[in-house]
Amino acid sequence: NIDLRGVNDQEALQKFNNDQPVFLHSIQHSRPDILAKQLQEKGYKEVYELRTGIAGWIGAGYPYYSTAGSELTPAAYKKIITANRLVLVDIGTRYCGLCVKVKELVDSLKRKNDPSYDIVELELYKNTQLVADLKEIRAVPTVILYKDGKPVWKREGLTFTKQDIETELAKAK
């Protein structure tokens, strides 16, 4: 694990053998390409990167193996989004800065205790099979609003505000 913004990031690169293949990945797609370029400039011959990031890989339905147990089965998820008229789903991970910010937005909505909708928060690494089964998550954070079991609004990244969510909830009611 190398934090490219950390104080010892260049020192951490020294632990790799430049004659051996190196495989790079991160949660999102933007960081491995920076590190790949640095490694290639330092003479590494085989540098591979997962351009979509782990979130895109899992979200596209590709296999991902983890020792963490799933919290929510696909059947339970389907039951939640179809049993409730409106459901706002937040998919993210605590390892992603933008995901933490989106979680704060969603948590502020939770505190309103509005009975007209439910909120489901999915931790990517604890629900990998579910996210893979959805086959529609390309990045984290992703927020999806379901109405009667059908997605009616979806946003990736931090491309929205709390007001945007509240507007979409009001339109869907």
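These numbers come from a predicted model, not from an experiment.
Under the salt bridge (Lys or Arg N to Asp or Glu O under 4.0 Å) test applied with Arg85, the options Asp118, Asp148, Asp114 reduce to a single match, Asp148.
At most 12 non-hydrogen atoms from other residues, nucleotides or ligands lie less than 6.0 angstrom from NZ of Lys78. For Lys173, the NZ atom sits in a packed shell: over 12 heavy atoms of surrounding residues, nucleotides or ligands are nearer than 6.0 Å.
Counting only N and O atoms by type, the side chains of Glu46 and Tyr48 include a donor and acceptor under 3.5 Å apart.
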Derivation of the side-chain contact (heavy atoms from CB on, under 4.5 Å) call for Phe160 and Trp153: CA-CA 11 Å; Phe160 56 90; Trp153 185 77; 4.2 Å; yes
Pair Tyr146-Thr82, side-chain contact (heavy atoms from CB on, under 4.5 Å): steps then yes or no: CA-CA 8 Å; Tyr146 289 92; Thr82 56; over 6 Å; no
side-chain contact (heavy atoms from CB on, under 4.5 Å) assessment of Lys45 paired with Asp19: CA-CA 6 Å; Lys45 293 165 185 60; Asp19 291 326; 3.4 Å; yes
Worked check of side-chain contact (heavy atoms from CB on, under 4.5 Å) between Leu109 and Lys162: CA-CA 8 Å; Leu109 292 169; Lys162 179 181 172 184; 4.0 Å; yes
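Using a distance-only test at 3.5 Å, with no hydrogens or angles considered, no donor-acceptor pair links the side chain of Asp90 to the main chain of Glu121. Without hydrogens or angle criteria, Glu123 side chain to Arg94 main chain gives a donor-acceptor distance under 3.5 Å. No donor-acceptor pair under 3.5 Å is formed between the side chain of Lys154 and the backbone N or O of Ile144. Looking only at distances, a side-chain donor or acceptor of Thr73 sits under 3.5 Å from a matching main-chain atom of Ala76. A donor-acceptor contact shorter than 3.5 Å is absent between the side chain of Asp107 and the backbone of Glu104. No donor-acceptor distance shorter than 3.5 angstrom exists from the side chain of Thr128 to the backbone of Tyr125, with no hydrogens or angles considered.
Leu105 and Val100 are assigned to two separate hydrophobic clusters, defined by single-linkage of ILVMFWY side chains at heavy-atom distances under 4.5 Å. Tracing side-chain contacts under 4.5 Å through hydrophobic residues (I, L, V, M, F, W, Y), one reaches Tyr95 starting from Leu124; they form part of the same cluster.
To the nearest 0.5 angstrom, Glu156 atom CD is 8.0 Å from Thr159 atom OG1. Put simply, CG on Leu72 and OH on Tyr77 are 8.5 Å apart, with the number rounded to the nearest 0.5 Å. Distance check: Cys96 SG to Lys101 NZ gives 10.0 Å after rounding to the nearest 0.5 Å. Leu145 CG to Leu86 CG: the interatomic distance, rounded to the nearest 0.5 Å, is 5.5 Å. Ile119 contributes atom CD1, which lies 10.0 Å from atom CZ of Arg111 (distance to the nearest 0.5 angstrom). Leu169 contributes atom CG, which lies 7.5 Å from atom CD1 of Ile165 (distance to the nearest 0.5 angstrom).
Contact annotation: the side chain of Leu24 approaches that of Val47 to within less than 4.5 Å [non-hydrogen atoms, C-beta and beyond]. Side-chain contact between Val120 and Leu88: absent, with no pair of heavy atoms (C-beta onward) separated by less than 4.5 Å.
The shortest heavy-atom contact between Ala36 and Glu49 is CB-OE2, 3.6 Å. A pairwise comparison of heavy atoms in Pro74 and Asp133 identifies CG-OD2, 3.0 Å as the closest pair. Across all their heavy atoms, Ile91 and Val89 have their closest contact at CG1-CG1, 3.8 Å.
Between Glu166 and Lys112 there is a salt bridge, since at least one side-chain N of the basic residue sits less than 4.0 Å from a carboxylate O of the acidic one.
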